[in-house]
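Reviewing the structure listed below.
Order of appearance sets the numbers: ligands from 1, and atoms from 1 within every ligand. Count residues from 1 along the sequence.
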Amino acid sequence: MQLTEKKPVPTGSSRKYGFIVTLLGILVLITLSLYKGGSGTFNSIILLTVPKQPDSLCPLVKKINPIPILSSNGSLDTLNDILHSKEYRNKSLSKFQGALRIPTQIFDEMAWTLDKSDDEVTWKDLFESDERWQVFQEFHQYLKKTFPLVHEHLKLETPNKLALVYTWKGSDTSLKPILLTAHQDVVPVPPETEAKWHHPAFDAFYDEETGYVTARGVSDCKNLLIGLLEAVETLLEEGTFQPKRTIILGFGYDEESRGEGALHIHDHLIQVYGEDSILMIVDEGNDGYFVEQGLNIIAPSVGEKGYLDLSIQLNTPGGHSSIPPAHTGIGLMSLLVAQIEHAPFKPQLSGANPTLNQLYCLAEHSPTIGKSLKSDILKSHFDPGANGRIIDYISQSHVMSYLLKTSQAADIVRGGLKVNALPEVVELLVNHRIAVEDSVASTRDKIVKDILVIAREFDLGVVVDGEEIRETSIHGYFNYTSQSTLEPAPVTPTSGPVWELFGGSLLYLYEDLLKVDNGNQFVFAPALSIGNTDTKRYWDLTKHIYRYQPAVPQKNSQIHAIDEQLLFDSHLTVVAFYYYFLQVADSFREAL
Ligand SMILES: *[C@@H]1O[C@H](CO)[C@@H](O)[C@H](O)[C@H]1NC(C)=O
Ligand SMILES: *[C@@H]1O[C@H](CO)[C@@H](O)[C@H](O)[C@H]1NC(C)=O
Ligand SMILES: *[C@@H]1O[C@H](CO)[C@@H](O)[C@H](O)[C@H]1NC(C)=O
Ligand SMILES: [Zn+2]
């Protein structure tokens, strides 16, 4: 996972909330037009008996009890075994540790895609391009050895040799398949940090006393990858579940770099199944639940911010540094950086942002939220004053403020060759994470506006993505180029049957199976992610993408950092959830 924000939006009571205005009539009108209800239904299980909540901005989902629909009458025992038996734990831990001990580190300079079709690529080709791919072959062999039934009963395809696509074919091909994803790769452990780990990064040390496993990739995200395989292996061992709905597992190999693996998986699936052909996709993302304002909030990420890397070159006449102009190329570029930073993107909070939907859930269901804050949240989509106060409130937290605005970070500057020569070419690289209300184009336009301010002041030309928009002068010109771009992800619907299927199944996990009892109500609510996962490649496969893994509360997971760790119980939680969720999803029927 690449930097996913999972913290709740802050909602303590605040003195600023002195306004108690209830425009209930307007509110009801607006909510009615927002929530049109779902377009599907459950046939073999009766689920949608949840009372209609038309005046709710955060309708509660109804818990799904899977036990009556599970294939084996011993399913509850199996679930309890997975979660509580010493034997299962021991076996599961060994399988997990084995996977963690294979250092599938991805380095940015490894070659992604060879100039060959998927069928033609061989391991030899890959090793010739970069021998560091060898651990991936080892990883594949390890999976084959460790999950024999999966490899016997599921079809395995390997787009670009490195990606893994397992298909458990369902008997009813009219049902849309479910796709569960994770990635094989882990971020590298820089040699200079190796000694700082309390246990070596690839030893997969398990601490009997605390229950934590320490390893690179333990949280991000071999936990999920191995958990999914274990869930399927357990179903196959039991031998009673015969899927009607096809189940696909898709594991990329460079999520922590460019996500080319996911692209190969995508292209393969599009070819086999077509667009909008998948019921739902669940990938890595937020985990477990968090406690906020007297609620336990289960919040999968239903959207992701966009992305723009851009380069700005400034070309100026060189010369001897004994007779410099008032501003050298470096000086002019510095003025541009200052211009960009003096005009940050404005925060906004519209109905397009899942953060607002999460706030609605807090406002409607929290037993402790302050009255004025609650009232402001509930009218923030039509009352500009309330909207402004909520934005100010969230923006008090530096981290949370980025849920509401496009970020801009000047990350690299290059320029100058010699201390006695004027720099002829200076380059600036800027990274943006684009808010859901913005786009690649609007982000680019803002930066071009900043460039024009400096260009006019110093009479410089401006070229934007190959097009001259201001004439080049003898003083030189700016050359703007968009490098990698990604629009904000389409937001997964946060109501309707698929939402209820996933949320209702998770409620059962925490309330009934894990018996979490901290006195708080569980609420299934959406979240926005400020980073990106492999799902950026999957948008046209389905509208329903969730970035989430089941977990129990634990200390900081140290993702991408020294001492990455996972409470092993969270791993078992993933296995238990998918053991029954695959069967519940199998009984789910879309509307005709
Ligand atoms: C499970 O079902 C089988 C076949 O219907 C039956 O023979 C067995 O007794 C059942 N086991 C339990 C524990 O109910
Ligand atoms: C599982 O149990 C066996 C036998 O007690 C033990 O040797 C092994 O180390 C255990 N494995 C793990 C991962 O704890
Ligand atoms: C602008 O920069 C791009 C990327 O570095 C380069 O390919 C292009 O030739 C440059 N154009 C001009 C006019 O300098
Ligand atoms: Zn990840």
**Request:** Would you please classify the geometry between the Tyr206 ring and the Phe568 ring as parallel, tilted or perpendicular, with 30° and 60° separating the classes?
**Result:** perpendicular
**Asked** How would you list, by chain and number, every residue that makes a side chain to side chain donor-acceptor pair (under 3.5 Å) with Glu238, sequence neighbours excluded?
**Response** Thr78, Tyr579
**Prompt:** Got a sec, which residues hit side chain to side chain donor-acceptor pair (under 3.5 Å) with Thr146, two or more places apart in sequence or on another chain?
**Reply:** none
**Item:** Close aromatic pair by centroid cut-off 6.0 Å: Tyr88 and His84
**Value:** no
**Asked** Partners of Phe96 by ring pair (Phe, Tyr, Trp, His ring centres under 6.0 Å), sequence neighbours excluded?
**Response** His571
**Proximal ligand 2 atoms for Gln97, defined as those under 4.0 Å from one of its heavy atoms** = 13 (C)
**Request:** Using heavy atoms and a cut-off under 4.0 Å, could you grab the residues that are in contact with ligand 3, chain by chain, numbers ascending?
**Result:** Gln313, Tyr477, Asn479, Thr481
**Message:** Exactly one of Leu269, Leu180, Leu154, Ile178 should register a side-chain contact (heavy atoms from CB on, under 4.5 Å) with Ile248. Which one does?
**Reply:** Leu269
